[in-house]
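Shown next, in structure tokens, is the structure this report addresses.
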Amino acid sequence: MSQIKIVNIVGARPQIIKASAISRAIRRYFSTEITEILVHTGQHYDKEMSEVFFDELEIHKPDYNLGVGSAGHGRQTSMMITGLEEVLLKEKPDCVLVYGDTNSTLAGAVASSKLHFPVIHIEAGLRSFNKTMPEELNRIMSDHSSTLLFAPTNAAFKNLMSEGFRPENSPPYTIDNPKIYFTGDIMYDNTIFFAGLAEKKKAKWLEKLALVRNEFVLATIHRDTNTDNIERLREILVTLKSLAEERGITFVMPLHPRTIISLKTKLNLLYKELSESKYVKIIPPVTYLEMILLEKNCRMVITDSGGVQKESHFFKRPCIVLRKETEWVELVNNGTSRLVDADPERIMQEFKCLMDSLEVLDYPGFYGDGKTAEFILKEILLMFEKS
Ligand code: UD1
Ligand code: UDP
């Protein structure tokens with residue numbers, strides 16, 4: 001078989017991290033069979049939201065950066081589609097990889113499927129069953145434009161079946177005859193690969209932040225529902241601050257630029273109070289190695305992030321989820337993730353329960369064997385052998 005050409009599309013922070021698992025597996029195991037063209041839409045562009053990951057995770061610099069930047073959903077997505085169309089027409093790949101549920105995922109799926117390049121969706125099938133989330137629309141539309149769909153969990157696989165995808169489909173696979181897989185999660189591949197390295201390279205960094213292992217809480221907030229609705233953001237942050245101060249435990253919060261912008265422009269007084277609190281450390285977004293070090297060594301995670309919910313599980317840390325629902329339902333069913341929305345009472349109740357409980361929580365391996373990227377690439381190669 002001659003080499004196949006894959007266009008790998010990233011744009012937002014978690015996609016760069018996810019794509020690094022695929023890039024690494026191509027380099028290690030499939031470099032003679034696969035050529036990878038990396039395209040960055042430019043959705044995230046601050047150094048600490050993009051460039052740091054290329055350096056740290058040893059991904060080669062993007063072959064193309066569309067430099068789209070921030071804008072409303074329609075404008076941002078349409079600029080990405082326009083830019084991607086040009087790249088795809090020039091590169092003529094055998095297939096296109098998209099990750100997750102961001103506007104970059106949707107743009108990649110739309111641009112590729114309209115040009116009849118097979119779309120491979122990694123992290124397919126996840127559903128919140130809340131279509132007011134931009135991500136839910138992005139996921140559904142991307143899944144239904146895809147030829148190979150890799151579901152990270154059994155629940156995601158079942159969601160695809162209930163939307164009419166048939167596991168019994170046989171090759172040749174096409175957009176009209178797609179193939180679905182239950183694979184495990186490539187983010188788990190990364191965690192396994194980088195956890196030791198994080199300890200080795202960054203151990204001193206915790207000390208620099210004056211963080212004591214197992215004696216701090218890690219919190220992140222970036223979801224639009226929590227950052228654009230100022231009352232919700234205020235309630236969450238006031239609650240976290242009072243929990244930190246009541247307990248005398250440090251809350252470290254690497255905040256997304258979106259959250260910082262809301263704080264600075266609309267909650268300036270609260271921002272000042274948080275910055276002055278002895279027990280709250282608001283810091284800029286951290287690198288992936290720093291983040292996994294925080295996750296591995298914290299007492300508990302509080303977040304509205306999808307990726308951080310799972311990583312807390314990988315590191316056997318309980319997680320309070322600042323959302324009404326989650327796509328990672330197995331964590332909630334397992335009792336180690338607790339959904340609290342932005343309700344101060346529920347945040348406080350679950351925090352106290354998790355801090356004071358003597359119960360030993362169980363963290364089963366829901367997310368595969370750490371070799372998901374390899375599996376995905378083998379299946380992609382198989383598709384081209386059989387077609
Ligand atoms: C996006 C994804 C979300 C994902 C998140 C990961 C969509 C619809 N949402 O949300 O699913 O969880 O990425 O982090 O695609 N900004 C900067 N610098 C940057 C990037 C963003 O200042 O480098 C600010 C801008 O003010 C921008 C805002 O953050 O308007 C939101 O950025 P955007 O990429 O639209 O959405 P995210 O909230 O990052
Ligand atoms: N992350 C990071 N630095 C940070 C915050 C998050 O490296 O300051 C990593 C985190 O470890 C996870 C991913 O980014 O791998 C999650 O991205 P994010 O929370 O932005 O988006 P989501 O997963 O909700 O789409």
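Everything numeric in this text was worked out from a predicted model, so none of it was measured. All ligand and atom numbering here is 1-based and tracks the order in the structure. The basis for the numbers below is simple: all heavy atoms, side chains too, and nothing from hydrogens, waters or symmetry mates.
For ligand 2, the atoms closer than 4.0 angstrom to any heavy atom of Pro285 are 8 (O). In the vicinity of Ala12, heavy-atom distances shorter than 4.0 Å reach the ligand 1 atoms 13 (O). Each of the following atoms of ligand 1 lies closer than 4.0 Å to a heavy atom of Asp101: 11 (O). For ligand 1 and Asn103, the ligand atoms under 4.0 Å from any heavy atom of the residue are 7 (C), 8 (C), 15 (O). Under a 4.0 Å criterion applied to the non-hydrogen atoms of Pro254, ligand 2 contributes the atoms 8 (O). With ligand atoms numbered from 1 in the order given, ligand 1 contributes 6 (C), 14 (O) to contacts under 4.0 Å with heavy atoms of Pro14.
For the residue pair Asn130 / Glu136, no side-chain donor-acceptor distance below 3.5 Å is found, with atom types taken as modelled. Side-chain contact check for Asn177 and Asn169: at least one donor-acceptor pair (N or O, by modelled atom type) lies under 3.5 Å. Of the N and O atoms on the side chains of Asn138 and Asn103, at least one donor lies less than 3.5 Å from an acceptor on the other residue.
Of the N or O atoms in Asp46, one or more lie within a sub-3.5 Å distance of an N or O in ligand 1. Between Val308 and ligand 2, a contact under 3.5 Å exists for no N or O pair. Looking at ligand 1, you won't find any N or O of His73 less than 3.5 Å from one of its N or O atoms. In terms of polar-atom proximity, Asp304 is not counted as a contact of ligand 2, lacking any N or O under 3.5 Å from an N or O of the ligand. Geometrically, ligand 1 and Asn138 share no nitrogen or oxygen pair separated by less than 3.5 Å.
At a 4.0 Å heavy-atom cut-off, ligand 2 touches Met187 through the side chain alone. Within the 4.0 Å heavy-atom criterion, the part of Thr287 lying near ligand 2 is the backbone and not the side chain. Proximity of Ser104 to ligand 1, defined as any heavy-atom pair under 4.0 Å, is not found for any part of the residue. If you look at Ile261 next to ligand 1, the close heavy atoms, those under 4.0 Å, all belong to the side chain. Residue contacts with ligand 2 for His256 are absent, since no atom lies close enough (heavy atoms, distance under 4.0 Å). Within the 4.0 Å heavy-atom criterion, neither part of Glu48 lies near ligand 2. Here Val286 has heavy atoms under 4.0 Å from ligand 2 in both its backbone and its side chain.
Ranking protein heavy atoms by distance to atom 5 (C) of ligand 2, first place goes to Arg13 NH1, 3.2 Å. Scanning all protein heavy atoms for the shortest distance to atom 5 (C) of ligand 1 gives His222 NE2, 3.7 Å.
With hydrophobic clusters built from ILVMFWY side chains whose heavy atoms lie under 4.5 angstrom apart, Tyr173 shares a cluster with Leu97.
Below 30°, between 30° and 60°, or above 60°: for His44 and His256 the angle between ring planes is above 60°, a perpendicular geometry. Relative orientation of the Tyr367 and Phe314 rings is perpendicular, given thresholds of 30° and 60° on the angle between their planes.
Under a 4.0 angstrom heavy-atom cut-off, Thr220 registers as lying outside contact with ligand 2. Note on ligand 2: Asp101 sits outside its first shell, no heavy atom being nearer than 4.0 Å. Heavy atoms of Arg223 approach ligand 2 to within less than 4.0 angstrom.
Between Leu88 and Ser112, the closest heavy-atom pair is CD1-OG, 3.5 Å. Between Thr372 and Ile186, the shortest heavy-atom contact is CG2-CG2, 3.8 Å.
Closest heavy-atom approach to atom 11 (O) of ligand 1 among the candidates Arg258, Met133, Glu135, Met49: Glu135.
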